[in-house]
Amino acid sequence: MMLKPLTSTLAETTLAPLYGEGAGPSLGFLAGLLAQPHYRAWSMVDHDEVIGAIWYKCIDRRAELLDLRIISARRRSGLGAALIGKTLRLIGDGGVRTVDLEVRESNTPALSLYTAVGFTRTGRRRHYYPLANGEREDAILMSLMLKEIENPA
């Protein structure tokens, strides 16, 4: 498996299979971010098949993970941890020391993944994400200090 840097055009032409489920930010929104300074994205490719993507923002020594997707047929196989690990290594080599993210409180698979990689809960945003029924769900805030990572996956 390898990581390929994404441009807006490349993202829109190759990542549609990852963004068909409708949860989270849209592919168009994320691809548009790449036109702005500080935003980056990688696709994870296995034998010419895009199987994952990660989007992040880096400013100075701090990064924020914005979105992580693994194609549904390959979830829970360690690919998410591998994609995060490779990304942490690359941005850490670029000088980033703190990585932040937010995740829906109900997204227990993601919470488990981020905890397993080494992120810790740092806060909560009450009523942050809208729900289909008109209510709102909390966001869990998490951070990771890269200097604490010995050898990410």
Trace of the side-chain contact (heavy atoms from CB on, under 4.5 Å) decision for W55 with L34: CA-CA 9 Å; W55 305 77; L34 295 177; 3.6 Å; yes
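- A side-chain donor-acceptor contact under 3.5 Å links S8 to the backbone of A31.
- Under the 3.5 Å distance criterion, the side-chain polar atoms of R136 are matched with a main-chain donor or acceptor of Y128.
- Hydrophobic clustering (ILVMFWY, side-chain heavy atoms < 4.5 Å, transitive): I84 and L141 are in distinct clusters.
- The heavy-atom pair separating C58 from V96 by the smallest distance is SG-CG2, 3.9 Å.
- Side-chain contact, E64 with Y39: no donor N or O sits under 3.5 Å from an acceptor N or O.
- Under the 3.5 Å distance criterion, the side-chain polar atoms of T115 are left unmatched by any main-chain donor or acceptor of S112.
- Nearest heavy atom pair, residue A63 against residue I91, reads CB-CD1, 3.8 Å.
- No donor-acceptor pair under 3.5 Å is formed between the side chain of E137 and the backbone N or O of L131.
- In this structure, Y56 and W42 have parallel ring planes: the angle between them is below the 30° cut-off, well short of the 60° mark.
- Within 6.0 Å of atom CG in D48, 12 or fewer heavy atoms from other residues, nucleotides or ligands are found, so the atom counts as exposed in its surroundings.
- R97 approaches G92 most closely through the heavy-atom pair NH1-O, 3.2 Å.
- Every side-chain hydrogen bond (donor to acceptor under 3.5 Å, both in side chains) that R62 has, sequence neighbours left out, goes to D100.
- Closest approach of D138 to H127, counting heavy atoms only: OD1-N, 2.8 Å.
- Of all heavy-atom pairs spanning G118 and L144, the tightest one is O-CD1, 3.2 Å.
- Two different hydrophobic clusters hold L111 and Y129 under the rule that ILVMFWY side chains link at heavy-atom gaps under 4.5 Å.
- Under the 3.5 Å distance criterion, the side-chain polar atoms of D46 are left unmatched by any main-chain donor or acceptor of E49.
- The environment of CG in D93 is crowded: more than 12 heavy-atom neighbours from other residues, nucleotides or ligands sit within 6.0 Å.
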